[in-house]
Amino acid sequence: MIGISVYLSDEDAEERILHASSSGVKLAFTSLHIPEESGISPQRVRNLLSLFKREGFQVFADVSKKTPAILGLRHFEELKELGVTSLRLDDGFTTDEMLELSRQFRIAINASTVGEKELQRWIDCGLETGSMIAWHNFYPKPETGLDEEYFLKQQHLYDTLGIPVYAFIPGDEKKRGPLHLGLPTLEDHRGQSPYVSAVQLKRWGVTGVFVGDPGCSEELLGKLVRFDQEEIIELSYSGSGEIEGEYGLRPDPGRDVFRLLDTRMDNGVPPLNNVKRPRGTITQDNDLYGRYRGEMQIVRRDLQSDPKVNVIGRISAEHLNLIELFASGQRIEIKRDFSH
């Protein structure tokens, strides 16, 4: 599941909703209570929620106890009529209030702060795990994003209970204020390619990956949706080889290389560019390898040169970390990097 984040104060919010919808994204997070959204008219909220509903979105809303009054509503249940399907509650709600709302909405609890004891207490009080989402915070301030070890510990907790986990990655265009430094859940993801971060979260078992920043390019959304729906990882490369296309990896990954299926050939492949093969190198076996002639590999760890192996390209630096996220038999698409 891939989602966007839409902020009521964003002048381009309508455009972003339509842009995401046309890319196949139908999930959205929005906030109906944080300070940065103060001064937004109830009509503005209703217009955006109406647009979400028209485009077929599921809307997940961050709310406080003041949200209905701010929007001119009598009850939280009226948000459901406006298309909101899930609520992310702030700390002001009692357990009884949470239970009551869980009969109308899915409740997103804070996966970044809620531990086993608090979670078990809610379950003992009657909050059903099937009505819950475990949703992590995003962290605008550098150096404050979650540690990987802690994140994985929380993931294990919620996996054990069958509660889906949602998390944020930064966008690749306009960053959200006031700091404009990205909105990741994990600190390691602040400066990393958002695409790589999304694949990593999915590999860890995260169900919902949401772009926290308002700015998200058409290219990034397309790649995220494709991986989510088809499990195809896209890689950019530089080099002399004309190797653009879709490939499958063998289901038995080697220690040193990933081997690309159906790439051997009968035509001659003369020895050429037999240089060292650092991690991320794309290679092709030449005539000296006999029946393996033409077979392509992606190198997993630094290797020395081999006269039987031609170097034909290299995975771009921003995609290098995708290599160890390949699943057995992974489908990949290799595209030439024209940015260099």
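Worth saying up front: this structure is predicted, and the values here are computed from it rather than measured. Index from 1, following the sequence.
Taking every heavy atom of both residues into account, V199 and I233 meet most closely at CG1-CD1, 4.0 Å. Considering all non-hydrogen atoms of both residues, G92 and K65 come closest at O-CD, 3.1 Å. Residues S21 and E55 approach most closely at OG-OE1, 2.8 Å, considering heavy atoms. For the residue pair A13 and Y7, the shortest heavy atom distance occurs at CB-O, 4.0 Å. Across all their heavy atoms, L32 and A61 have their closest contact at CD1-CB, 3.9 Å. Residue W204 comes nearest to Q155 through the heavy atom pair O-CG, 3.4 Å, listed as atom of the first residue, atom of the second, then distance.
Atom CD of E128 has 12 or fewer heavy atoms from other residues, nucleotides or ligands within 6.0 Å. Dense packing is recorded around CD of E118, with more than 12 heavy atoms of other residues, nucleotides or ligands lying under 6.0 Å away. Environment of CD in E218: sparse, with no more than 12 heavy atoms of neighbouring residues, nucleotides or ligands closer than 6.0 Å. Annotation for H156: atom NE2 does not count as buried by contact number, only 12 or fewer foreign heavy atoms lying within 6.0 Å. Around the CD atom of E219, the shell of radius 6.0 Å holds no more than 12 heavy atoms that belong to other residues, nucleotides or ligands. The number of heavy-atom neighbours closer than 6.0 Å to CD of Q43, taken from other residues, nucleotides and ligands shown, is above 12. Residue E11 places its CD atom among 12 or fewer non-hydrogen atoms of other residues, nucleotides or ligands, all under 6.0 Å distant.
H19 places a side-chain N or O within donor-acceptor distance of the main-chain N or O of C216, the cut-off being under 3.5 Å. With hydrogens and angles ignored, the 3.5 Å screen pairs a side-chain donor or acceptor of Q330 with a backbone N or O of A327. Between the side chain of D337 and the backbone N or O of S238 there is no donor-acceptor pair closer than 3.5 Å.
Electrostatic pairing of E78 and R74 counts as a salt bridge here, judged by a charged N lying under 4.0 Å from a carboxylate O. Salt-bridge check for D302 with R277: failed, with every basic side-chain N at 4.0 Å or more from each acidic carboxylate O. With salt bridges taken as basic N to acidic carboxylate O contacts below 4.0 Å, one links R16 and D10. Using a cut-off of 4.0 Å between Lys/Arg side-chain N and Asp/Glu carboxylate O, R331 and E230 are scored as not salt-bridged. With respect to R226 and E246, a salt bridge is recorded, a charged nitrogen being found less than 4.0 Å from a carboxylate O. Between E231 and R203 a salt bridge is recorded (basic side-chain N to carboxylate O distance below 4.0 Å). Salt bridge annotation for D256-R301: present, with a cationic side-chain nitrogen under 4.0 angstrom from a carboxylate oxygen. Classification of R336 and E242 as a salt-bridged pair holds, one side-chain N sitting under 4.0 Å from a carboxylate O.
Contact of the W135 side chain with the F210 side chain is registered, since non-hydrogen atoms from C-beta on lie closer than 4.5 Å. Under the 4.5 Å side-chain criterion, counting only non-hydrogen atoms from C-beta, K335 is not in contact with L235. Within the 4.5 Å cutoff, side-chain heavy atoms of L288 are placed close to those of P271.
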Begin from the C-alpha positions of T95 and R121 and carry the test side chain to side chain contact (heavy atoms under 4.5 Å, CB included) through to its verdict. CA-CA 9 Å; T95 299; R121 179 169 59 81; 3.6 Å; yes
Should N274 and D306 be marked as a side-chain hydrogen bond (donor to acceptor under 3.5 Å, both in side chains) after you check the CA-CA gap, both sets of side-chain angles, and the distance that decides it? CA-CA 6 Å; N274 313 120; D306 185 331; over 6 Å; no
R259 vs V257, test: side chain to side chain contact (heavy atoms under 4.5 Å, CB included). Steps then yes/no. CA-CA 6 Å; R259 302 167 72 183; V257 298; 4.1 Å; yes
Start with the C-alpha distance between F258 and I332, add both sets of side-chain angles, then the distance that settles side chain to side chain contact (heavy atoms under 4.5 Å, CB included), and finish with yes or no. CA-CA 11 Å; F258 291 101; I332 63 173; over 6 Å; no
Please step through salt bridge (charged side-chain N to carboxylate O under 4.0 Å, His left out) for the pair R190 and E143, ending with a clear verdict. CA-CA 9 Å; R190 194 177 304 278; E143 304 171 355; over 6 Å; no
For T263 and R293, run side chain to side chain contact (heavy atoms under 4.5 Å, CB included): C-alpha distance rounded to whole Å, both residues' side-chain angles, the deciding distance at 0.1 Å, then the answer. CA-CA 9 Å; T263 52; R293 175 195 297 117; over 6 Å; no
Should H136 and F151 be marked as a ring-ring contact (aromatic ring centres under 6.0 Å, His included) after you check the CA-CA gap, both sets of side-chain angles, and the distance that decides it? CA-CA 9 Å; H136 282 282; F151 181 91; 4.6 Å; yes
With salt bridge (charged side-chain N to carboxylate O under 4.0 Å, His left out) as the criterion, how do R44 and E14 come out once you've worked through the C-alpha distance, each side chain's angles and the decisive distance to 0.1 Å? CA-CA 11 Å; R44 166 72 167 161; E14 289 87 350; 2.5 Å; yes
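Note: the hydrophobic cluster containing V275 does not contain Y237 (ILVMFWY, side chain heavy atoms under 4.5 Å, direct or indirect links).
Checking N310 against N286 by side-chain atom types alone, a donor-acceptor pair falls below 3.5 Å. No hydrogens or angles considered: a donor-acceptor pair under 3.5 Å links the side chains of S217 and D172. Under the 3.5 Å distance criterion, with hydrogens and angles disregarded, a donor-acceptor pair is assigned to the side chains of R314 and T281. Of the N and O atoms on the side chains of K80 and T85, not one donor lies less than 3.5 Å from an acceptor on the other residue. In this model, no donor atom of one side chain and acceptor atom of the other lie less than 3.5 Å apart for D287 and Y289. A donor and an acceptor atom, one from each side chain of S236 and S316, are located under 3.5 Å apart. For the residue pair D285 / Q297, a side-chain donor-acceptor distance below 3.5 Å is found, with atom types taken as modelled.
When I169, I2, L183 are each tested for a side-chain contact (heavy atoms from CB on, under 4.5 Å) with V211, only one passes: I169.
A cation-pi arrangement is absent between R88 and F60 under the rule of less than 6.0 angstrom and at most 45 degrees off the ring axis.
Atom CG of L325 sits about 13.5 Å away from atom NZ of K202, to the nearest 0.5 Å. The distance from atom OH of Y158 to atom CE of M132, rounded to the nearest 0.5 Å, is 8.5 Å.
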